[in-house]
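Okay, so here's the structure we're looking at.
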Amino acid sequence: MKKAVAVLLTCVAMLGLTACGGQKKEGWADADLDFKSASETVTVKKDHAFITYNDVAYYTDYSDGSYEEYSEAFATNRGLEIGMTVEDYAKLYSVKPGYAVWELYSGSNNEYTSFAEYTNQDPSEMYDGTYGNVWLDLGFAKEDGKWRVLRDYEVQNVWFCDADFDDFDEVVVFAVNFDKWGEIQGFSIEHFTYDEAWDTWQGWAD
């Protein structure tokens, strides 16, 4: 089971969402729920997850844990692919401090999860002998029909189910996995309703 070792994030003043580039790079759109291989497109519906590494991918239904497996390489709708770098990720998704957050796994089987503030570190810096698996996450919440970029602490709070259930409705957490040399090894998207069912799925209480 998962165990949380949460690292509290420092809250900083809200930055304007148009400060660092175009709207597409700053935000999230329904089109970003599409992931493409050479032969097909997978659209990640609400209460589903999609994760891909190299030539294998899994599309999971939260309701019963069932999944569909694909033996293909997938890219995001913006063109992010396995083997790219954190610079590519930042360019395509406007990754920046205050919004992106490190998701770090430790323990003999990477069974412990913690979050740490993103301050433009290179992924290789996060492999310091403590962490065996490193992801860089972004989060988005749909409010009044539009996607809002989540602050780093909000991503942490919905992941660990620390926020009140009436604080959010529809949420996306997009995460990119890096190796020790800073190359992308995989990426995942969790698209969920923030409610008791999500809390049960995460299983932190266990």
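For reference, positions follow the sequence shown, starting with 1.
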Contact summary for [X] and [Y], nearest pair of heavy atoms:
X    : Y    : result
G107 : Y112 : CA-CD1, 3.8 Å
V158 : F192 : CG2-CZ, 4.4 Å
G79  : M84  : O-CE, 3.3 Å
A116 : V101 : O-CG2, 3.3 Å
S114 : F160 : CA-CZ, 4.5 Å
L150 : A141 : CD2-CB, 3.7 Å

> With Y93, which of D88, T76, D32 fulfils side-chain hydrogen bond (donor to acceptor under 3.5 Å, both in side chains)?
Replying inline: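 Result: among D88, T76, D32, T76 is the only option passing the side-chain hydrogen bond (donor to acceptor under 3.5 Å, both in side chains) with Y93.
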Calculate, to the nearest 0.5 Å, the distance between atoms [atom1] and [atom2] belonging to [X] and [Y] respectively.
X    : Y    : atom1 : atom2 : value
N133 : N109 : CG    : CG    : 12.0 Å
I189 : F174 : CD1   : CZ    : 7.0 Å
Y62  : H191 : OH    : NE2   : 9.0 Å
Y53  : S188 : OH    : OG    : 7.0 Å
Q202 : T113 : CD    : OG1   : 8.5 Å
N77  : L33  : CG    : CG    : 9.0 Å

> According to a 4.5 Å side-chain heavy-atom criterion applied to Ile, Leu, Val, Met, Phe, Trp and Tyr, with indirect links allowed, do I184 and W181 form part of one hydrophobic cluster?
Replying inline: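 Different clusters: I184 never reaches W181 through Ile, Leu, Val, Met, Phe, Trp or Tyr contacts under 4.5 Å.
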>> With a 4.5 Å cut-off on side-chain heavy-atom distances among I, L, V, M, F, W and Y, is there a chain of contacts connecting W201 to Y58?
In response: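 Looking at the clustering, Y58 is in the same group as W201.
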> Looking only at atom types and distance, does a side-chain atom of S37 sit under 3.5 Å from a main-chain N or O of T41, one as donor and one as acceptor?
Replying inline: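 No, because the side chain of S37 does not come within donor-acceptor range (under 3.5 Å) of the backbone of T41.
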> Okay, side chain of E154, backbone of R151: is any donor-acceptor separation there less than 3.5 Å?
Replying inline: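 Confirmed, E154 side chain pairs with R151 backbone.
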For residues [X] and [Y], determine if any side-chain heavy atom of one lies less than 4.5 Å from a side-chain heavy atom of the other.
X    : Y    : result
E117 : D152 : yes
F178 : W135 : no
W28  : V172 : yes
F50  : E190 : no
V86  : V95  : no
L138 : V149 : no
K180 : S124 : no
L80  : V176 : yes

>> Per the salt bridge (charged side-chain N to carboxylate O under 4.0 Å, His left out) rule, what does the pair list look like for residues 120-143, sequence neighbours excluded?
In response: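 Those involving residues 120-143 are D30-K142, E143-R148.
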> Is the F35-F74 ring centre distance short of 6.0 angstrom?
Replying inline: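 Here the rings of F74 and F35 have centres that are no less than 6.0 Å from each other.
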>> Counting the benzene-type ring for Trp, do F115 and W102 have ring centres under 6.0 Å apart?
In response: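 No, too far apart.
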>> Suppose we screen for side-chain hydrogen bond (donor to acceptor under 3.5 Å, both in side chains). Which residues come up paired with E68, at least two apart in sequence or across chains?
In response: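 Only Y70 meet the side-chain hydrogen bond (donor to acceptor under 3.5 Å, both in side chains) criterion with E68.
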>> Checking Y194 now: which residues fulfil side-chain hydrogen bond (donor to acceptor under 3.5 Å, both in side chains) with it, not counting sequence neighbours?
In response: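 Result, side-chain hydrogen bond (donor to acceptor under 3.5 Å, both in side chains) vs Y194: none returned.
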> So F168 and W198, side chain to side chain contact (heavy atoms under 4.5 Å, CB included) or not? Walk me through it.
Replying inline: CA-CA 12 Å; F168 301 95; W198 169 251; over 6 Å; no
> Can you tell me if CZ on F165 sees more than 12 non-hydrogen neighbours from other groups inside 6.0 Å?
Replying inline: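 Above 12, so yes.
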Do you see a donor-acceptor pair shorter than 3.5 Å between the side chains of [X] and [Y]?
X    : Y    : answer
T85  : E183 : no
D179 : Q185 : yes
T43  : D34  : yes
W147 : E170 : no
T193 : D195 : no

